[in-house]
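Structure, as structure tokens:
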2 protein chains.
Amino acid sequence: MENTCDTRQRILDSARDLIYANSYAEVGVAAICDHAGVKKGSFYHFFPSKQELVLAMLDAFYLDMKERLGDKAFIDELPPLARLERFTQLAYEFQLQLHQTTGMVLGCPFGNLANEVSTHDEVIRARLEQIFKKFHTLIRNTLEEANDSGTLNHINADATAQAMLAYFEGVMLMAKNQNNTDVIKQLLPAMSSIRIHNN
Amino acid sequence: MENTCDTRQRILDSARDLIYANSYAEVGVAAICDHAGVKKGSFYHFFPSKQELVLAMLDAFYLDMKERLGDKAFIDELPPLARLERFTQLAYEFQLQLHQTTGMVLGCPFGNLANEVSTHDEVIRARLEQIFKKFHTLIRNTLEEANDSGTLNHINADATAQAMLAYFEGVMLMAKNQNNTDVIKQLLPAMSSIRIHNN
DNA sequence: ATTATAGTTGACTGATCGGTCAAGTCAATA
DNA sequence: TATTGACTTGACCGATCAGTCAACTATAAT
């Protein structure tokens with residue numbers, strides 16, 4: 001045919017579509033193959049297992065989200081706290097667009113998977129922890145920069161960054177459960193005002 | 001044998017144990033029956049479907065959590081904000097005990113299920129939304145009481161209660177993903193200091 | 001032209017999925 | 001004692017699960 005890596009990419013895209021909109025356990029390899037227009041034999045030529053596919057999908061998903069959200073929000077041109085506000089705004093717009101397309105609030109792809117597999121798939125659990133740690137570092141660095149410039153006083157940047165990340169995930173979960181993007185619109189902006197102080 | 005309703009209760013307990021520790025999709029009816037010491041035919045004598053079992057399990061789980069956490073924390077003897085602090089403390093101790101028993105941080109049973117099924121099981125999704133609404137009302141009433149007594153000024157009690165609930169769920173998710181109760185210990189107390197103001 | 005390699009195909013495996021069913025046990029009622 | 005109805009049992013259903021495999025095609029290097 002034309003392209004050798006096209007099949008692999010189609011499988012990754014299909015897995016992303018289906019697993020994000022449903023769940024890891026609900027979406028079978030056969031469904032991923034059907035949606036990708038690929039036979040099951042080809043699937044196992046490119047990926048040794050469903051688990052390995054999901055790991056590859058997560059890495060690609062992280063890069064995409066980093067480009068679409070992280071790299072657009074955490075820029076030096078903005079004051080530190082404004083970066084957090086832009087991040088929440090971009091995340092809201094992302095969910096809004098998905099909701100218009102699919103009719104569902106899908107929430108955070110990493111939070112979804114973390115909730116599902118953390119207790120019984122150590123490999124995927126650890127990969128998701130890595131991904132969360134990268135987002136955590138983005139936020140923590142921003143808070144430390146604000147700390148240094150005197151914008152904040154004596155906050156625990158590490159704990160506050162974790163708290164903001166947790167709040168983000170919680171808001172996404174509530175919006176997903178209510179299938180309502182207004183939840184994000186109303187609650188998420190408060191993320192940047194969360195503070196955890198030393199002692 | 002001895003007790004007619006014992007079987008039904010054993011099935012409910014088994015489902016609670018297994019689904020809470022894993023997930024809805026991962027735990028099959030056969031596994032629930034094995035763990036309950038019951039044959040599959042008996043299962044379908046008491047429950048018409050796996051979905052109906054989960055609905056019954058959720059109702060029982062809610063009542064249990066309300067007794068163990070809600071009724072112990074939201075009491076008139078405590079000042080409003082102290083109730084929230086007691087709630088977070090009791091939730092932490094609950095997770096700590098489960099972690100010692102199972103070796104895993106299991107998070108919030110309702111959040112876990114909500115994340116898994118909200119996009120593809122409307123019945124369970126709606127039941128979970130009801131349960132969240134009850135917890136939301138508990139928190140909102142507490143905040144309004146604090147508002148009336150002048151402890152707080154001009155906060156949006158409804159939105160703040162939702163934000164606290166979201167934060168609670170997010171903290172539980174992060175602790176589950178890191179399999180570390182210290183996350184709860186460090187982050188959850190900040191729940192009661194979250195504020196969303198009008199306008 | 002021959003060979004090696006990458007990718008494709010569809011049939012196949014054993015296990016498990018949620019759910020069904022007829023036959024049976026048992027205690028209470030009539 | 002006969003009958004009823006709640007409960008139990010184990011075999012069974014078609015569908016689907018993740019994963020395998022030998023045969024096949026197409027491309028590229030020798």
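By convention in this document, chain letters (A, B, ...) are assigned in the order of the sequence lines, proteins followed by strands, and residues within each chain are numbered from 1.
Here D:dC12 presents its C1' atom at 18 Å from CZ of B:Phe43, a figure rounded to the nearest Å. Atom NZ in A:Lys50 sits roughly 20 Å away from atom P in C:dA15 (whole-Å rounding). The interatomic distance linking B:Phe47 (CZ) with D:dC7 (P) rounds to 12 Å, in whole Å. Rounded to an integer number of Å, the gap from NE2 of B:His45 to C1' of D:dG10 is 17 Å. Look at CD on B:Glu52: it is 14 Å from C1' on C:dG18, rounded to the nearest Å. In this structure, B:Arg10 places its CZ atom 13 Å from P of D:dC7, rounding to the nearest Å. Protein atom CZ of A:Phe46 is 13 Å distant from nucleotide atom C1' of C:dT9, rounded to whole Å. A straight line from CD of B:Gln9 to P of D:dC7 spans 14 Å, rounded to a whole angstrom.
In this structure, the nucleotide among C:dT8, D:dA18, D:dT8 sitting nearest to the side chain of A:Ser42 is C:dT8.
Residue-to-nucleotide proximity on DNA chain D shows that, of B:Gly41 and A:Tyr24, the 5′-proximal contact is made by B:Gly41.
Rounded to the nearest 0.5 angstrom, A:Asp59 CG and A:Ile131 CD1 are separated by 6.0 Å. Atom CG of A:Asn156 and atom CG of A:Asn198 lie 4.5 Å apart (nearest 0.5 Å).
By the 4.5 Å heavy-atom criterion applied to side chains, B:Gln162 and A:Gln186 are counted as neighbours.
Salt bridge A:Lys72/A:Glu93: absent, no basic N to carboxylate O contact under 4.0 Å.
Contact annotation for A:Gly28: backbone-only contact, meaning every heavy-atom pair under 4.0 Å involves sugar-phosphate atoms and none involves a base.
Checking the phosphate oxygens (OP1, OP2) of D:dT8, a side-chain nitrogen or oxygen of B:Thr7 falls inside 4.0 Å. Contact annotation: A:Tyr44 reaches the phosphate of D:dG19 (side-chain N/O to OP1 or OP2, under 4.0 Å). Within the structure, a side-chain polar atom (N or O) of B:Lys39 is placed less than 4.0 Å from OP1 or OP2 of D:dG10.
A donor-acceptor pair shorter than 3.5 Å cannot be found between the side chains of B:Asn141 and B:Glu145.
Within 3.5 Å, a donor on the side chain of B:Lys40 pairs with an acceptor on the base of C:dG19, or the reverse.
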